[in-house]
Number of protein chains: 2
Amino acid sequence: METPDAITCLSALAHEGRMEVFRLLVRAGPEGLAAGEIAQSTGALSNTLSTNLGILSRAGLVASRRDGRSIIYTAAFGRMRELLAFLMEDCCAGKPEVCAPLAAMVSQPCSAEGSAC
Amino acid sequence: METPDAITCLSALAHEGRMEVFRLLVRAGPEGLAAGEIAQSTGALSNTLSTNLGILSRAGLVASRRDGRSIIYTAAFGRMRELLAFLMEDCCAGKPEVCAPLAAMVSQPCSAEGSAC
DNA sequence: TTGACGACTCTAGAATTCTCGAAATATAGA
DNA sequence: TCTATATTTCGAGAATTCTAGAGTCGTCAA
């Protein structure tokens with residue numbers, strides 16, 4: 001991922017409402033959630049939510065598909081991975097040992113103590 | 001890390017100039033760089049840079065110490081790790097396999113193909 | 001075709017962020 | 001003390017972002 005894309009992704013996530021939406025979609029998994037369901041879960045107005053979904057979508061962090069009258073949004077895990085990889089380059093550039101604890105953490109099964117999952 | 005702190009960190013990094021400064025400091029390592037050196041490297045005006053260093057500092061992403069007339073800034077690796085951990089919780093929540101490629105990537109030595117370092 | 005519904009777009013005002021010139025503060029050396 | 005250097009703080013204008021009301025578009029069912 002190039003720097004301008006990373007900036008766009010970071011800006012998209014640097015907003016409480018959008019972060020909440022993204023986390024919700026991550027938890028929803030590949031099935032995703034309809035815009036209306038997201039609005040209901042978060043209490044956001046539909047037009048405000050639509051704007052924020054558009055920002056996440058333009059950043060590539062969510063994908064959407066139409067299902068009848070609803071539009072279903074899903075988290076774009078691949079894009080998020082790219083963003084994390086970009087940030088890790090910064091975090092441990094020239095200092096691989098710096099990121100080692102993170103790698104260990106994310107390698108653990110979800111049930112383990114200190115797991116990130 | 002709590003959500004509001006993560007938002008603050010993301011906002012701090014979601015800016016081309018501040019991202020450049022942060023990457024510079026990561027590469028500089030624990031010795032850090034004086035504000036003036038950063039200004040020279042990035043071409044930023046001293047007052048603008050000072051504002052941006054203040055934003056990074058308030059987010060906890062850089063630390064500073066005075067050395068004579070200079071103020072030396074260093075990247076706060078621990079804080080960056082916390083931020084990455086926070087984002088990983090989102091990325092692989094309930095889906096540990098999603099983050100596995102990242103873990104593999106960051107586990108590799110810096111010289112390896114596809115290494116993050 | 002009509003009505004209802006779900007979602008998006010348009011628009012404008014409020015709020016925040018960004019940048020930079022000017023001034024202030026802190027330190028070192030003569 | 002006086003001067004020079006390094007950095008921060010102050011203040012204002014420009015630009016961007018945020019939010020929400022109103023209206024529009026697309027889809028479904030009768």
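The chains referred to below are lettered A, B, ... by the order of the sequence lines, with proteins before strands, and numbering in each begins at 1.
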Non-hydrogen side-chain atoms of B:Leu83 and B:Asp5 separated by less than 4.5 Å: no

Whole angstroms only, please: what is the CD1-C1' distance between A:Ile55 and D:dT19? 11 Å

How many Å lie between CG on A:Leu56 and C1' on D:dT17, as a whole number? 15 Å

In a table with atom names and distances, give each donor-acceptor pair under 3.5 Å that connects a side chain of residues 59-74 of chain A to protein atoms at least two apart or in another chain.
from: A:Arg65; atom 1: NH2; to: A:Glu31; atom 2: O; distance (Å): 3.2
from: A:Arg66; atom 1: NH1; to: A:Gly68; atom 2: O; distance (Å): 3.1

When the distance from CD1 of A:Ile7 to C1' of D:dT17 is rounded to whole Å, what number comes out? 16 Å

Rounded to whole Å, CD1 of A:Ile72 lies from P of C:dG6 at a distance of 12 Å

Quick check against the 3.5 Å criterion: does A:Thr42 have a side-chain atom that pairs as donor or acceptor with the backbone of A:Ile38? yes

Pick the closest DNA chain C nucleotide for A:Arg69 and for A:Leu53 by heavy atoms, then say which residue is nearer the 5' end. A:Arg69

Do B:Glu89 side-chain atoms and B:Phe86 backbone N/O form a donor-acceptor pair below 3.5 Å? no

Phosphate OP1/OP2 of D:dT19: any A:His15 side-chain N/O under 4.0 Å: yes

Which residue lies toward the 5' end of DNA chain C, A:Ile71 or B:Thr51, if each is placed at its nearest nucleotide? A:Ile71

In residues 36-49 of chain A, which residues come under 4.0 Å of DNA chain D by heavy atom? A:Leu45, A:Asn47, A:Thr48

Have a look at B:Ser50 and say if it touches a base, only the backbone sugar-phosphate, or nothing, with a 4.0 Å heavy-atom cut-off. base

Side-chain atoms of B:Tyr73 come closest, of D:dT19, D:dT8, C:dC18, to D:dT8

note: A:Arg58, atom CZ; D:dT17, atom P; distance rounded to Å ~ 11 Å

Are the side chain of A:Arg58 and the backbone of A:Ala12 linked by a donor-acceptor contact shorter than 3.5 Å? no

What is the separation between atom CG on B:Leu10 and atom P on C:dT17, rounded to the nearest whole Å? 14 Å

Hey, quick one: are B:Ile7 and B:Ile55 part of the same hydrophobic cluster, counting side-chain heavy atoms closer than 4.5 Å, chains of contacts allowed? no

Check for a donor-acceptor pair, side chain of B:Ser41 on one end and backbone N or O of B:Glu37 on the other, with a separation under 3.5 Å. yes

Can you measure A:Leu13 atom CG to D:dT17 atom P for me and round it to whole angstrom units? 15 Å

Return the value, rounded to whole Å, for the distance between atom CZ of A:Arg66 and atom C1' of C:dG6. 8 Å

